[in-house]
A.B. asks: 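First the structure, then my questions, so here it is.
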Amino acid sequence: MIRRRIREIIDRSIQKSYTEIDKINFEVEKPKREDFGDLSTNVALVLQGVLKENPRKIAEDLSNQLKEERALFERVEIAGPGFINFWLRNSLLFETLKEALKDGDSFGKVDIGGGKKVLIEFVSANPTGPLHIGHGRGAAYGDALARIFKFAGYEVNKEYYINDRGTQMDILGASVYLRAKELVGERISFPEDYYQGDYIYEIAKVALRLFEDLLKKGEREAIALCRELAIKIILEDIKNDLKNFRVEFDQWYSEKGLYESGLVEEVIEELKKRGLVYESEGALWFKSSLFGDEKDRVIKKSSNDWTYFASDIAYHYEKFFKRGYDLAINLWGADHHGYVARLKGVLKAMDIPSEKLVILLIQMVNLLEGGELKSMSTRKAEYVELKELVREVGVDAVRFIFLSRSQDSPLDFDVELAKKHSAENPVYYVQYAHARICSLKEKAEAVGYDLEEIHRADLTLLREKEELALLKRIAEFSDHVELAATQFAPYKITYFLLDLAGIFHEYYNKFRILGEDKDLSLARLALSEGCRIVINNGLNLLGVSSPNRM
RNA sequence: GGGCUUGUAGCUCAGUGGAUAGAGCACUGGCCUCCGGAGCCAGGUGUCGGGGGUUCAAAUCCCCCCAAGCCCGCCA
């Protein structure tokens, strides 16, 4: 919020001094070193390029104007090649703390979304097996993004797209069918590219119990029965895993439904009319090469089956034109990156501005076991199930680990290490700060403090370096929410929380909150509660709990 | 062979074109008669993969090269 205000003030100063300049791109940021002020701007250095003047002279002109803003700045200085450094007035920080105490759960909200409708589609794993830890990363990431976007003023829907038709489903059905035969004693040979996991046996058992004459039916019919049953059972399992992982979707969107409603045919027909679809070698092709893809892509095979691409075309048409989303965010596994160009191409063909679809590629989670790296594969049954990891490590720790990295950084998951309830786990560091403050408040009440009084505490008593540092973090929280949203980067919140918790622990160890001086104690309690509110709100954005005691 | 992503301290990773590139872990040694020791304090590390270029300023932008992962099917 403060950054925003300073930006506006600088913009006005530029307008006043240099009427010929219309728009420039400058930064107002927190400098790396404390002695460069609370905030700093490179505006003079940027203007140098346009004005061809000495940057220090430009900085001087501007800073003279900025010094007029006495309510905001304690000090304004020029440094180095022409940076303007600002020291904020403490009164500003005190005001923000009071706000935090008053606003509580909603402190830190920013309205950059203006109520725009956003659809975040994530996980969307094929219902061919249980969720593994790779899916967990996407689940944590998408859910956190949704929470952050809501906090940043967007109207958010979370959606899981179910691939409930197509080749993989047929293979799934056939896998169950074969295992059913095996269970009744028939000799079978189980193809390598069928689903190898043990859960297939479990489903086969259910199938045998449910359909008594299953193996007497024709193969086609039997496989279809197995397929539908398997999808249902696996999907239930997936929903359950996600719920336990604190991820709840607003919509479960069926791919099959796109065909049943005739939408696929309708949209393809529309593309045909525009001359973007042609027939060749008995198949239907979309001219994606016209829109930046390397080559044209098949939408209907010569076997007369639609490809997944056909579904995706209809699905995204529907997102924008039928449901009217202003922004669609798709979280895909990085192995799908080859599909980005063709989908973006389709959007272009349908005249949808490309910035309305953001595709975030989540890098793979590799499994580190016995010093050996393995990649996840549902089909080969090489994976660690999400539910297993969550059971052994806990939701909070798993989510926090997943959310402490940028999505395009690959993650080697050392299962043995993560399973340890190690105290070094950073999530406990942050949660511990929260629990500590809760305990502090209890203690305060026990010795006779009225916690309502903190709203009227004399905050000017907060003068220690650590106290001012904490006040500044509290004031900066909304900046980080904004950054996390605009950069689709929940881990910005994670880093912010680790920093805040660190300063709080330092402070707590060095100073006594509840001491002889009642007024000072009350001010310190107010500060602590402000920190607690920010930690709580931040953890909330990550979907991690804020325990009162641990 | 082409494409996407990545390469920063021993390890895991931050780093929105800016000032002396930062955390955590690991390692060593200290700190509770006192609000929670899942904590704190003190110790030191870098050819930012390499080479060019753009810029007043490059880990960051552009080009080339090297390495790793992934993708390159009328599979998903």
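Below, chains carry the letters A, B, ... as their sequence lines are ordered, and counting in each starts from 1.
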A.B. asks: Dump the intermediate steps for salt bridge (Lys or Arg N to Asp or Glu O under 4.0 Å) on A:Arg524 and A:Glu467, then the final yes or no.
C.D. replies: CA-CA 8 Å; A:Arg524 288 181 168 174; A:Glu467 292 172 331; 2.8 Å; yes

A.B. asks: Round to the nearest Å and state the distance from A:Lys295 atom NZ to B:C72 atom P.
C.D. replies: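 Rounded to whole Å, this separation is 11 Å.
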
A.B. asks: Suppose you measure atom P in B:C25 against the same atom in B:C62; what distance do you get, rounded to whole Å?
C.D. replies: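 Each nucleotide's P atom is 35 Å from the other's.
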
A.B. asks: Taking pairing as Watson-Crick or G-U wobble with both contacts under 3.5 Å, can you name the mate of B:G22, or confirm there isn't one?
C.D. replies: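 Pairing partner, where one exists within any strand: B:C13.
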
A.B. asks: Please check if any side-chain donor atom of A:Gln168 sits under 3.5 Å from a side-chain acceptor atom of A:Tyr195, or the reverse.
C.D. replies: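 A pair is found: one side chain offers a donor N or O, the other an acceptor, under 3.5 Å apart.
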
A.B. asks: Would you say the base of B:A19 and the side-chain of A:Asn85 have a donor-acceptor pair closer than 3.5 Å?
C.D. replies: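 Side chain to base: pair present.
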
A.B. asks: Determine the contact category for A:Thr167: base if any of its heavy atoms lies under 4.0 Å from a base atom, sugar-phosphate if only primed atoms, P, OP1 or OP2 are that close, otherwise nothing.
C.D. replies: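 Here A:Thr167 touches the backbone only, sparing every base.
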
A.B. asks: For A:Tyr507, report the nucleic acid contact type (base, sugar-phosphate, nothing); a contact means any heavy atom under 4.0 Å.
C.D. replies: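 Answer is nothing: A:Tyr507 stays at 4.0 Å or more from every strand.
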
A.B. asks: How would you label the contact of A:Asn42 with the nucleic acid (heavy atoms, under 4.0 Å): base, sugar-phosphate, or nothing?
C.D. replies: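 The residue A:Asn42 makes base contact.
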
A.B. asks: For A:Ser409, which contact category applies under a 4.0 Å heavy-atom criterion: base, sugar-phosphate, or nothing?
C.D. replies: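 The answer is sugar-phosphate, as A:Ser409 gets under 4.0 Å only of primed atoms, P, OP1 or OP2.
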
A.B. asks: Quick one: which of B:G39, B:U6, B:A38 gets closest to the side chain of A:Met550?
C.D. replies: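 Among B:G39, B:U6, B:A38, the one nearest the side chain of A:Met550 is B:A38.
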
A.B. asks: What integer number of Å spans the P atoms of B:A26 and B:C72?
C.D. replies: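 About 40 Å, rounded to a whole number of Å.
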
A.B. asks: Taking only Lys NZ, Arg NE, NH1 and NH2, and the carboxylate oxygens of Asp or Glu, determine whether A:Lys57 and A:Glu60 approach each other closer than 4.0 Å.
C.D. replies: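 Salt bridge: no.
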
A.B. asks: Using a heavy-atom cut-off of 4.0 Å across all strands, would you classify A:Ala79 as base, sugar-phosphate, or nothing?
C.D. replies: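 Base contact - A:Ala79 has a heavy atom under 4.0 Å of at least one base atom.
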
A.B. asks: What's the verdict on ring pair (Phe, Tyr, Trp, His ring centres under 6.0 Å) for A:Tyr432 and A:Tyr428, showing C-alpha distance, side-chain angles and the deciding distance?
C.D. replies: CA-CA 6 Å; A:Tyr432 186 59; A:Tyr428 299 125; 9.9 Å; no

A.B. asks: The side chain of A:Tyr429 lies closest to which of these nucleotides: B:G18, B:G39, B:C74?
C.D. replies: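 Among the listed nucleotides, the one closest to the side chain of A:Tyr429 is B:G39.
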
A.B. asks: If you measure from the P atom in B:G49 to the same atom in B:G7, how many Å do you get, rounded?
C.D. replies: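 Approximately 7 Å lies between the P atom of B:G49 and that of B:G7.
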
A.B. asks: With sugar-phosphate meaning primed atoms plus P, OP1 and OP2, does A:Tyr508 contact a base, only sugar-phosphate, or nothing at under 4.0 Å between heavy atoms?
C.D. replies: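 Result for A:Tyr508 = base.
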
A.B. asks: Regarding A:Lys510, tell me which of base, sugar-phosphate or nothing describes its non-hydrogen contacts under 4.0 Å with the strands shown.
C.D. replies: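 A:Lys510: no heavy atom of the nucleic acid under 4.0 Å.
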
A.B. asks: For A:Asp170, report the nucleic acid contact type (base, sugar-phosphate, nothing); a contact means any heavy atom under 4.0 Å.
C.D. replies: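 No contact.
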
A.B. asks: Select base, sugar-phosphate, or nothing to describe what A:Ala444 touches, counting heavy atoms under 4.0 Å on all strands.
C.D. replies: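 A:Ala444: no heavy atom of the nucleic acid under 4.0 Å.
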
A.B. asks: Give me the distance, rounded to whole Å, that separates B:A14 from B:G50 when you measure between the C1' atoms they each carry.
C.D. replies: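 One C1' to the other, the span is 24 Å.
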
A.B. asks: Rounded to whole Å, how long is the line connecting atom CG of A:Leu520 with atom P of B:C35?
C.D. replies: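 Rounded to whole Å, this separation is 18 Å.
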
A.B. asks: With under 30° as parallel and over 60° as perpendicular, where do the rings of A:Tyr491 and A:Tyr495 fit, or are they tilted in between?
C.D. replies: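 Taking A:Tyr495 first and then A:Tyr491, their aromatic rings stand perpendicular (interplane angle over 60°).
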
A.B. asks: With the side chain of A:Tyr432 defined as its heavy atoms from C-beta on, choose the nearest nucleotide among B:G15, B:G37, B:C75.
C.D. replies: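 Nearest listed nucleotide: B:G37.
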
A.B. asks: Pick the closest RNA chain B nucleotide for A:Phe83 and for A:Ile513 by heavy atoms, then say which residue is nearer the 5' end.
C.D. replies: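 Final value for this comparison: A:Phe83.
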
A.B. asks: Suppose you measure atom P in B:A38 against the same atom in B:C32; what distance do you get, rounded to whole Å?
C.D. replies: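 To the nearest whole Å, 15 Å.
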
A.B. asks: Between B:C74 atom C1' and A:Tyr278 atom OH, what is the distance in whole Å?
C.D. replies: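 Value for this atom pair: 12 Å.
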
A.B. asks: So, A:Asn126 and A:Thr128: side-chain donor and acceptor under 3.5 Å apart, yes or no?
C.D. replies: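 There is no such pair (donor and acceptor under 3.5 Å, judged by atom type) between the side chains of A:Asn126 and A:Thr128.
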
A.B. asks: Tell me which nucleotide among B:U6, B:G39, B:U16 gets nearest to the side chain of A:Glu29.
C.D. replies: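 The answer is B:U16, which lies nearest to the side chain.
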
A.B. asks: Name the nucleic acid region contacted by A:Tyr495, choosing base, sugar-phosphate or nothing; use a 4.0 angstrom heavy-atom cut-off, strictly under.
C.D. replies: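 Sugar-phosphate: the residue A:Tyr495, judged by heavy atoms under 4.0 Å, touches backbone atoms but no base.
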
A.B. asks: How do A:His337 and A:Lys301 order along RNA chain B: which one's closest nucleotide is nearer the 5' end?
C.D. replies: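 Looking at RNA chain B, the more 5' nearest nucleotide goes with A:His337.
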
A.B. asks: Contact class for A:Arg549 (heavy atom, under 4.0 Å): base, sugar-phosphate, or nothing?
C.D. replies: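 Base contact - A:Arg549 has a heavy atom under 4.0 Å of at least one base atom.
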
A.B. asks: I'd like the C1' distance from B:U47 over to B:G1, given in whole Å.
C.D. replies: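 So the two C1' atoms sit 32 Å from each other.
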
A.B. asks: Among the nucleotides B:A19, B:C74, B:G36, which one has an atom lying closest to any side-chain atom of A:Glu281?
C.D. replies: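 Between B:A19, B:C74, B:G36, the one nearest the side chain of A:Glu281 would be B:C74.
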
A.B. asks: Distance between the P atoms of B:C75 and B:G51, in whole angstroms?
C.D. replies: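 Each nucleotide's P atom is 47 Å from the other's.
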
A.B. asks: Pick the P atom in B:A57 and in B:C65, then give their distance to the nearest Å.
C.D. replies: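 So the two P atoms sit 27 Å from each other.
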
A.B. asks: What do you reckon, are the aromatic ring centroids of A:Tyr429 and A:His505 less than 6.0 Å apart?
C.D. replies: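 Ring-ring flag for A:Tyr429/A:His505: true, centres closer than 6.0 Å.
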
A.B. asks: Taking atom types as they are modelled, is there a donor-acceptor pair under 3.5 Å from the base of B:A14 to the side chain of A:Ser404?
C.D. replies: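 Absent.
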
